[in-house]
Amino acid sequence: MSSPKTYFVTTPIYYVNDAPHIGHAYTTVAGDVLTRWHRQRGEDVWFLTGTDEHGQKVLRTAEANGVSPQDWADRLVESAWKPVLHTLDVANDDFIRTTQSRHTERVQAFLQSLYDAGHIYQGDYEGPYCVGCEEYKVAGDLIDGTGEYAGQKCCPIHSTPVEMLSETNYFFALSRYGQALLDHYEANPSAVEPASARNEVLSFIRSGLDDLSISRSTFDWGIKVPWDESQVVYVWFDALLNYATAVGLGDTDEPGQSKFASTFPADVHLVGKDILRFHAVIWPAMLLAAGLPLPAKVFAHGWLLVGGEKMSKSKLTGIAPSAIIDHFGSDAFRYYFMRAISFGQDGSFSWEDMSARYTAELANGLGNLASRVTAMTNKYFEGVLPEAVSSGAAEKELAQVAARAAQAADSAVDSLSFSGAINATWELVDAVNGYLTIQEPWKVAKTMDTDQAARDSVATTLYAAAEGLRILSVLLNPVMPKACASLWSQLGAEVALGSLASQRIQDCGQWGLLPAGSVLTKGDSLFPRLEDPEEFSS
Ligand code: MSP
């Protein structure tokens with residue numbers, strides 16, 4: 001029997017011309033949340049990220065800094081791109097660099113096979129090129145420059161002037177694949193999402209595809225074209241292949257062959273909307289030419305905006321993830337971007353909004369709930385979770401909310417609606433908080449030493465609230481792994497139920513799993529109050 005396919009999630013590989021900002025972190029965090037969610041379902045998952053190191057953009061940055069491009073890439077990868085994964089609490093399975101031989105050799109073999117099969121030919125090209133995008137532009141898409149670029153034609157994404165390039169290169173016969181791609185997208189409506197992205201891709205393909213120049217002769221920072229060493233492979237052609245080279249493309253030996261068979265193609269390529277066409281037109285055409293299977297889904301998310309424009313280092317609007325994480329922690333960062341911006345749409349980051357949500361939702365909402373429940377269990381029952389001896393309609397209602405939340409969150413993640421999943425989960429946070437407000441166990445407890453009914457009521461209330469927290473730990477673990485690990489341990493759940501990682505999303509909404517007798521401890525506050533909550537208010 002063949003084993004089920006590994007759920008394969010990718011981020012784009014990031015250019016190493018500069019250090020990461022929160023726009024890059026956004027894609028990576030989304031990939032990590034998706035990965036952790038599928039792991040929490042018990043699936044086998046492979047999460048790939050990495051760096052895109054060739055091309056003119058990186059070369060020019062290295063030159064401007066007086067170092068070789070390889071040294072520059074090494075420096076940026078070690079000092080910035082790998083450390084940011086730790087800062088973001090990302091659990092990737094692999095990190096591919098396009099300068100690694102496992103990549104370059106497989107790219108060359110792939111290219112040679114397309115060349116041998118007649119999908120690549122030599123030709124001339126002349127056109128406006130944007131080094132920021134590493135892409136030839138269509139003249140009609142250019143905008144008029146302003147300020148220092150007045151009178152020049154500029155890239156609509158970078159607002160910097162394009163350069164006229166004229167070269168003899170090798171071309172990939174992309175134009176042959178228009179109909180096959182349309183047929184594929186017709187037959188697989190969820191292969192490009194959201195709908196706006198799908199429409200953009202379909203109309204782009206329908207407008208007619210040109211063949212693509214896939215090599216460069218005017219600089220040498222790239223993978224050599226195997227049959228003509230005077231040319232290097234176009235950086236995008238090289239970069240897209242990372243999704244295949246990282247899992248063993250073309251290997252005839254083990255373990256590469258098995259890895260490729262069980263992992264490729266991707267279940268989800270997460271990309272920003274600016275790089276949608278590369279992923280939903282060029283990449284699948286490359287795969288069609290090679291006779292390889294196509295990814296199940298390309299999902300294009302929106303941009304983080306600053307002043308209405310895409311946040312970017314080149315426009316000096318980039319914010320480093322650590323600037324936010326040093327203050328709020330990685331859990332709050334992950335939570336904020338996944339909840340406050342609907343995945344697929346543009347959104348703006350603001351310190352005020354971040355701070356307000358931290359205080360209202362995390363510190364006062366979830367954090368305060370956890371500390372009240374553990375504190376009261378300690379105060380009234382010496383930390384030992386009592387039995388829910390007098391459960392009634394209110395507890396039944398809570399159990400139903402929990403089951404609904406777990407179910408709704410799970411299906412929201414299926415449609416990559418991270419905000420939908422968190423909103424669904426928050427119904428349970430609010431319900432447990434509302435339940436405590438109505439039950440008022442701190443008041444009922446005043447007579448519990450003399451009144452058995454009062455004691456039973458407090459016991460039942462605390463059991464139900466702790467059980468709600470147990471379910472919340474599982475549902476929120478993919479988003480906020482640190483806080484949930486702490487909550488799981490504060491609930492004493494590990495002893496009876498095993499590790500948090502072993503809890504299944506599909507089972508967690510079942511009521512009554514946390515056994516009475518579990519020992520609750522009042523640990524550190526999950527979301528410490530901000531020292532100066534007014535700091536970011538306008
Ligand atoms: N190297 C290419 C990708 C090759 S994938 C085979 C590239 N790199 S990038 O570093 O410029 O961008 C990587 C990702 O970061 C893209 O998905 C891009 O959309 C995303 N973001 C960069 N700035 C962003 C925002 N301001 N907001 C959200 N995402 C943004 O493109």
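For ligands, and for the atoms within them, numbers begin at 1 and follow the listed sequence.
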Original post:
How about E134 and Y129: does a side-chain donor come under 3.5 Å of a side-chain acceptor?
Top reply: yes
**OP:** Could you tell me whether R41 and D410 have a side-chain N and a carboxylate O separated by less than 4.0 Å?
**Re:** yes
**OP:** Could you find the nearest protein heavy atom to atom 14 (C) of ligand 1 and give me its residue, atom name and distance?
**Re:** Y14 CE2, 3.7 Å
Original post:
So, R106 and D251, do they make that salt bridge, N to O below 4.0 Å?
Top reply: yes
Original post:
Looking at ligand 1, does W283 have a heavy atom less than 4.0 Å from it?
Top reply: no
Original post:
Does L304 approach ligand 1 within less than 4.0 angstrom via side chain, backbone, both or neither, non-hydrogen atoms only?
Top reply: both
Original post:
Counting each atom of ligand 1 from 1 as listed, which ones have a heavy atom of D52 under 4.0 Å away?
Top reply: 1 (N), 2 (C), 4 (C)
Subject >> Closest to atom 31 (O) of ligand 1 among V16, I275, V306 (heavy-atom distance) >> reply: I275
Original post:
Which atoms of ligand 1 sit under 4.0 Å from any heavy atom of A239?
Top reply: 6 (C)
Subject >> Closest to atom 23 (N) of ligand 1 (judged by heavy-atom distance), picking from H24, E53, K273, H21 >> reply: H21
Original post:
Does any N/O atom on Y15 come nearer than 3.5 Å to any N/O atom on ligand 1?
Top reply: yes
Original post:
Can you list the ligand 1 atoms lying under 4.0 Å from a non-hydrogen atom of G302?
Top reply: 28 (C)
Original post:
Is the CD atom of E186 crowded by more than 12 outside heavy atoms at less than 6.0 Å?
Top reply: no
**OP:** Pick, from M311, E135, H54, the option with the minimum heavy-atom distance to atom 26 (N) of ligand 1.
**Re:** M311
Subject >> Aromatic plane relationship, F172 with Y177 - under 30° parallel, 30 to 60° tilted, over 60° perpendicular >> reply: parallel
Original post:
Which atoms from ligand 1 have a heavy atom of H279 less than 4.0 Å away?
Top reply: 5 (S), 6 (C)
Subject >> Pairing of R102 and D94 as salt bridge, 4.0 angstrom limit >> reply: yes
Subject >> Per-atom contacts of ligand 1 with H301, taking only distances under 4.0 Å to non-hydrogen atoms >> reply: 28 (C), 29 (N)
Original post:
Y121 vs F171 aromatic rings, parallel, tilted or perpendicular, using cut-offs 30° and 60°?
Top reply: parallel
**OP:** Establish, yes or no, whether the cationic atom of K259 lies under 6.0 Å from the six-membered ring centre of W46 and within 45° of the ring axis.
**Re:** yes
Original post:
Which of the atoms of ligand 1 are close to G272, meaning less than 4.0 Å from one of its heavy atoms?
Top reply: 17 (O), 19 (O)
Original post:
Any idea which protein heavy atom is nearest atom 30 (C) of ligand 1, and the distance to it?
Top reply: G23 O, 3.7 Å
Subject >> Ring centres under 6.0 angstrom apart (Y243, H279) >> reply: yes
Original post:
Can you find an N/O atom of I13 closer than 3.5 Å to an N/O atom of ligand 1?
Top reply: yes
Original post:
Out of curiosity, is C133 lining ligand 1, as in a heavy atom under 4.0 Å away?
Top reply: no
Original post:
Going by the angle between their ring planes, with limits at 30° and 60°, are F264 and W283 parallel, tilted or perpendicular?
Top reply: perpendicular
Original post:
With backbone taken as N, CA, C and O and side chain as the heavy atoms from C-beta onward, which portion of F278 lies under 4.0 Å from ligand 1: side chain, backbone, both, or neither?
Top reply: neither
Original post:
Any salt bridge between R334 and D32, counting N to O under 4.0 Å?
Top reply: yes
Original post:
With a cut-off of 4.0 Å, which atoms of ligand 1 are near a heavy atom of D274?
Top reply: 18 (C), 19 (O)
Original post:
Is the closest N or O pair between V271 and ligand 1 shorter than 3.5 Å?
Top reply: no
